[in-house]
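Let me begin by presenting the structure, written as structure tokens, before commenting on it.
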Amino acid sequence: MELSKNFEHKASEEKWYKHWIEKKYFSSTPDEREPYTIVIPPPNVTGVLHMGHCLNNTIQDILIRRARMMGKNACWVPGTDHASIATEAKVVQMLRERGIQKASLSREDFLSYAWEWKEKYGGIILQQLKKMGCSCDWDRTSFTMDPAYYKSVINVFIDLYNKGYIYRGKRMINWDVKAKTALSDEEVIRKETKQKLYYLKYLIEVDDSPMADGSNTNFITIATVRPETIMGDTAICVHPKDERYKHLHGKFAFVPLINRRIPIITDDYVTMEFGTGALKVTPAHDMNDYQLGQKHNLEVVDIFNEDGTLNADAQIYIGEERFEARKKIVKELGEKDFLLKTEEYTSEVGYSERTDAVVEPRLSLQWWVNMKKISGPALDVVMNEDIKFYPSKFKNVYRHWMENIKDWCISRQLWWGHRIPAWYDEEGRFVVASTEEQAKKMFNEQFSIVNAQLTQDEDCLDTWFSSWLWPFEVFKGYSNPGNKEAAYYYPTNTLVTAPEIIFFWVARMIMAGMEYKKEIPFKEVYFTGIVRDKLGRKMSKSLGNSPDLLEMIEKDGADAVRFGIMISSPAGNDLMWDESGNEQGRFFINKLWNALKLVKMWEARQGNSQQPIANSFAVDWFDNRLNEVKTELEILFKEFRLSEALKTIYSLIWDDYCSWYLEWVKPGFEQPIDAEVYNKTVDYFEELLQLLHPFMPFVTEEMYHELRVSKDGDDLTIKQMKPIELPNKELLATAVLLKQVISSLRDIRVKNLIKPKETIKLSIETTNKKSYQQIESILCKQVNAESISYVTSPVAASISAVVQADKFYIDTDNPIDNTSQKAQLLKDLDYLKGFLLSVEKKLSNEKFVQNAKDDVIDAERKKKADAEAKMKAIEESLAAL
RNA sequence: GGGAGCAUAGCUCAGUUGGUUCAGAGCAUCUGCCUUACAAGCAGAGGGUCCGCGGUUCGAACCCGUGUGCUCCCACCA
């Protein structure tokens, strides 16, 4: 069949993906082979594919496909994460669009809407991964709220509670007023924010005693960025050693606008230099103030509702939103002469990761995991490199966090998620149990209450409290411990993820793995960089600088997109993504396609040996070159230097195979090609496609089938790689020489205006005639020489060139441009003189000869000899001019 | 405030225990070619104070110190 002019990516992608799935090539079941397992970092079930996913999943696919082709039982487990806050927010928004308020729904009704939403949109991102060519085992698709998974999460909670690792406690937490839920510390993003620092006057309670310094100051000035919280003030605090305020120790002040009488206390927590050195203490709405409050036994006045509006305890502006209230309060403070001045001020403010609302510190009763109890082994396995981090710098980051680990707030005031299995009676007593019956039984046992009226905790667990079980629970490693699959696939091999979630997820998976499997969850973690745009900005939805992936795949093809992201992706560093990478990918595909066309043309032209010597050199050389590069690739893959691996394959195909090898074995116009050479050429092509396949699966599979008639089931995606053989260094060196000679001769042809079609007569002056004889005919073809002869002295009136220590002369009838030739030779000579000088200096330096290693000295001696030989050759050439 | 990382060609980056002719690659630029697979191509070329300064060494892009600039992470200074 006639080959199409270009690779048609759309049809090919559809055809091959379907074929691979039908053949179940991506399905894995335990067998006698060594497993290679990756669990996908489950994307949000609400998510759509963005550039970060593209990078991350392309990398995973490359690793898994290569493992599959190297004889491993490759298993890539896909799935999604229920993403409690994000999903619930989307469902709430959907309901709002339909005119339904969440508050008007029962929990059950809301959840049925949520599930409906999940069924409808939840699979989108997985379909998008298929478009990219990801070779996941789709039969294993998991979801963190699958029934069995759900149960495991609940049982883990119960287990940790029974071990005393989980507790319920009233603490200051990060409150998301938009989602109306608690957040963990990790879900708070700190951003530099421009604010105002307000200087407020608090009147001092007047008593009979005069001021110590005789002044008549009857107020104290405090500085705050949150004037709307003054109604929650329950003290003013100054530094005990601050002379300015010593006369106020033990006195009372009044909160402006509401006139609450509050004590002036002292604590060395206060920084005298900041603001006025006097601090308003609001224990209900600030982490530090809360601690101060506890220490000094202060009253706690909570003035906010859960949505961030002021409540009745605020006394004024009740029902107003906090930032609206701030504006109004500032205005009123100004009018009533309490506001002394306002300064511009920049500080870090916490925002909710999911909703971007300014986080409100809030005192509330939540569930916590005591992290110190489970973090120990998880720290050790990373520090001693049972789990290896790439790049290793993340080890330090990890250690720092683990050593300063704080308790994890795991309850969320949401409905979408795993409901906390705690049961309360009317008096607030509670037990933790998986079912109501169980809970009743426990109430009976613990409190001697028969048939207690119980209600279950309304809250859900943090999403990460489910995804930390991912590496083993996707194999039912917790719910069905010791099962064959978990035993075979766990620990998994490689985790590929973003450094942003090292604490959220990576650290906690390691903890859960150590706690429940007594084994690491993965052997290595490869942290990818962040995808940025040309200007270095992080790609994000809000900036609108993230391209539409599906559109790109449609336009350029999945292979080109995969090429584009991988070619610009240095290991572990951020990458500046630019659409021109896709273009380079497309050009590369085109190059491959044209090479295919050429080789296919030869298919019907096979004959008997025509140019045996030249071809056997080319064939032998490429075999060795392939093995040389395969060795390099081994190392690159081991270190996750995938971008370099791709570059290496790219250059092997484009330069070595297309530019050199194919030209060397190419038969003359309409001439036959030796059948054996042809077969070797196809073999090499196949092997190249195989090396490239993990990066660009579709075009390579397509070409594999075009190249040679294949039997059913003979597909590239499962074709096993050939083992590496040791290359012949001498042969490789001869090829390097050959390439250098060809380039030099082409160069002087161009410089001397010899037309491409014009043949030359070439003379070679060398001490190594044997090497040249095996490459003679290639050389002739490549520099368009009609003859080659060997000489022992310079050829007069010719154009000359020097490569290594050999001299080349071209006879020509053209007028010779001696000047440029001379200039070039002189330039080379000059360079060599300098070079030789430095080498000789080294060799005559006693200290060098004493200190340097023998092989370094030998190398220097060789450099000297080579340089001298070459200089001699150049000088002779110059003399002949 | 603490910690980490980066700085090499116009751009994006390699440069793996300091020593081959080591100053590299891709893209971009320039020159010449529609040469019988490929102009989405071929054959060539130019281009750098390896951020500044100081030090160690026979020898430094590489090691040490310091300065500058940028990035990221962590941390409760109103």
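Every chain is numbered from 1 and lettered A, B, ... according to where its sequence line falls, protein lines coming before strand lines.
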Original post:
Hey, what do you get for CG (A:L340) to OG1 (A:T221), rounding to the nearest 0.5 Å?
Top reply: 5.0 Å
Given atom [atom1] of [X] and atom [atom2] of [N], what is their separation to the nearest angstrom?
| X | N | atom1 | atom2 | value |
| --- | --- | --- | --- | --- |
| A:Y398 | B:rG5 | OH | P | 20 Å |
| A:E632 | B:rG15 | CD | P | 14 Å |
| A:K647 | B:rA25 | NZ | P | 12 Å |
| A:F7 | B:rA40 | CZ | C1' | 15 Å |
| A:Q740 | B:rG44 | CD | P | 12 Å |
| A:F394 | B:rC72 | CZ | C1' | 9 Å |
| A:D655 | B:rC27 | CG | P | 9 Å |
| A:I653 | B:rA37 | CD1 | C1' | 15 Å |

**OP:** Can you check whether any acceptor in the base of B:rA78 is under 3.5 Å from a donor in the side chain of A:Q195, or vice versa?
**Re:** no
Closest approach to the side chain of [X], judged atom by atom: which nucleotide of [options] is it?
| X | options | value |
| --- | --- | --- |
| A:N594 | B:rC38, B:rC27, B:rA4 | B:rC38 |
| A:K591 | B:rU71, B:rA37, B:rA78 | B:rA37 |
| A:M576 | B:rC13, B:rA4, B:rC38 | B:rC13 |
| A:K847 | B:rC58, B:rA78, B:rU16 | B:rC58 |
| A:Y650 | B:rG26, B:rC38, B:rA37 | B:rG26 |

Considering every strand shown, what is the Watson-Crick or G-U wobble mate of [N] when both distances are under 3.5 Å?
| N | value |
| --- | --- |
| B:rG1 | B:rC74 |
| B:rG46 | none |
| B:rG52 | B:rU66 |
| B:rG10 | B:rC27 |
| B:rU57 | none |
| B:rG18 | none |

Pairwise [atom1] distance, [M] and [N] [rounded to whole Å]:
| N | M | atom1 | value |
| --- | --- | --- | --- |
| B:rG19 | B:rU35 | C1' | 44 Å |
| B:rU12 | B:rA7 | P | 12 Å |
| B:rC73 | B:rG65 | C1' | 26 Å |
| B:rU20 | B:rA60 | P | 12 Å |
| B:rG10 | B:rU29 | C1' | 9 Å |
| B:rA23 | B:rG46 | P | 15 Å |
| B:rG5 | B:rC50 | P | 24 Å |
| B:rG69 | B:rG15 | P | 27 Å |

Do [X] side-chain atoms and [Y] backbone N/O form a donor-acceptor pair below 3.5 Å?
| X | Y | answer |
| --- | --- | --- |
| A:S659 | A:W654 | yes |
| A:E187 | A:S184 | yes |
| A:H9 | A:K555 | yes |

Contact class for [X] (heavy atom, under 4.0 Å): base, sugar-phosphate, or nothing?
| X | answer |
| --- | --- |
| A:V270 | base |
| A:E403 | nothing |
| A:D747 | sugar-phosphate |
| A:W654 | sugar-phosphate |
| A:T271 | base |
| A:S743 | sugar-phosphate |
| A:C237 | nothing |
| A:Y345 | sugar-phosphate |

Original post:
Does A:K201 make a cation-pi contact with A:F338, if we ask for NZ or CZ under 6.0 Å from the ring centre and within 45° of the axis?
Top reply: no
What pairs of nitrogen or oxygen atoms, one from the protein and one from nucleotides 18-20 of chain B, lie under 3.5 Å apart?
residue	atom	partner	partner atom	Å
B:rU20	O3'	A:K863	NZ	3.3

Subject >> With A:F394, the ring pair (Phe, Tyr, Trp, His ring centres under 6.0 Å) member among A:F527, A:F389, A:W401 >> reply: A:F527
Subject >> Distance below 4.0 Å between A:R605 side-chain N/O and B:rU36 OP1 or OP2 >> reply: no
Original post:
Is the shortest side-chain N/O distance from A:K600 to OP1 or OP2 of B:rA37 below 4.0 Å?
Top reply: no
So which protein N/O to nucleotides 73-76 of chain B N/O distances come out below 3.5 Å?
residue	atom	partner	partner atom	Å
B:rA75	N6	A:E348	OE1	3.1
B:rC76	O2'	A:N288	ND2	2.8
B:rC76	N1	A:N288	OD1	3.0
B:rC76	O2	A:N288	OD1	2.4
B:rC76	O2	A:N288	ND2	3.4

Original post:
Is the shortest side-chain N to carboxylate O distance from A:K862 to A:D866 below 4.0 Å?
Top reply: yes
**OP:** Could you tell me whether A:K280 and A:D286 make a salt bridge, using a distance below 4.0 angstrom between a side-chain N and a carboxylate O?
**Re:** no
Subject >> Ring centres under 6.0 angstrom apart (A:F563, A:Y650) >> reply: yes
Counting heavy atoms not belonging to [X], are there more than 12 under 6.0 Å from its [atom1]?
| X | atom1 | value |
| --- | --- | --- |
| A:E786 | CD | yes |
| A:K191 | NZ | yes |
| A:R605 | CZ | yes |

**OP:** Nearest-nucleotide wise, let me know which of A:R532 and A:E583 is further upstream toward the 5' end of RNA chain B.
**Re:** A:E583
Original post:
Under 3.5 Å, is there a donor-acceptor pair linking the side chains of A:Q195 and A:S347?
Top reply: yes
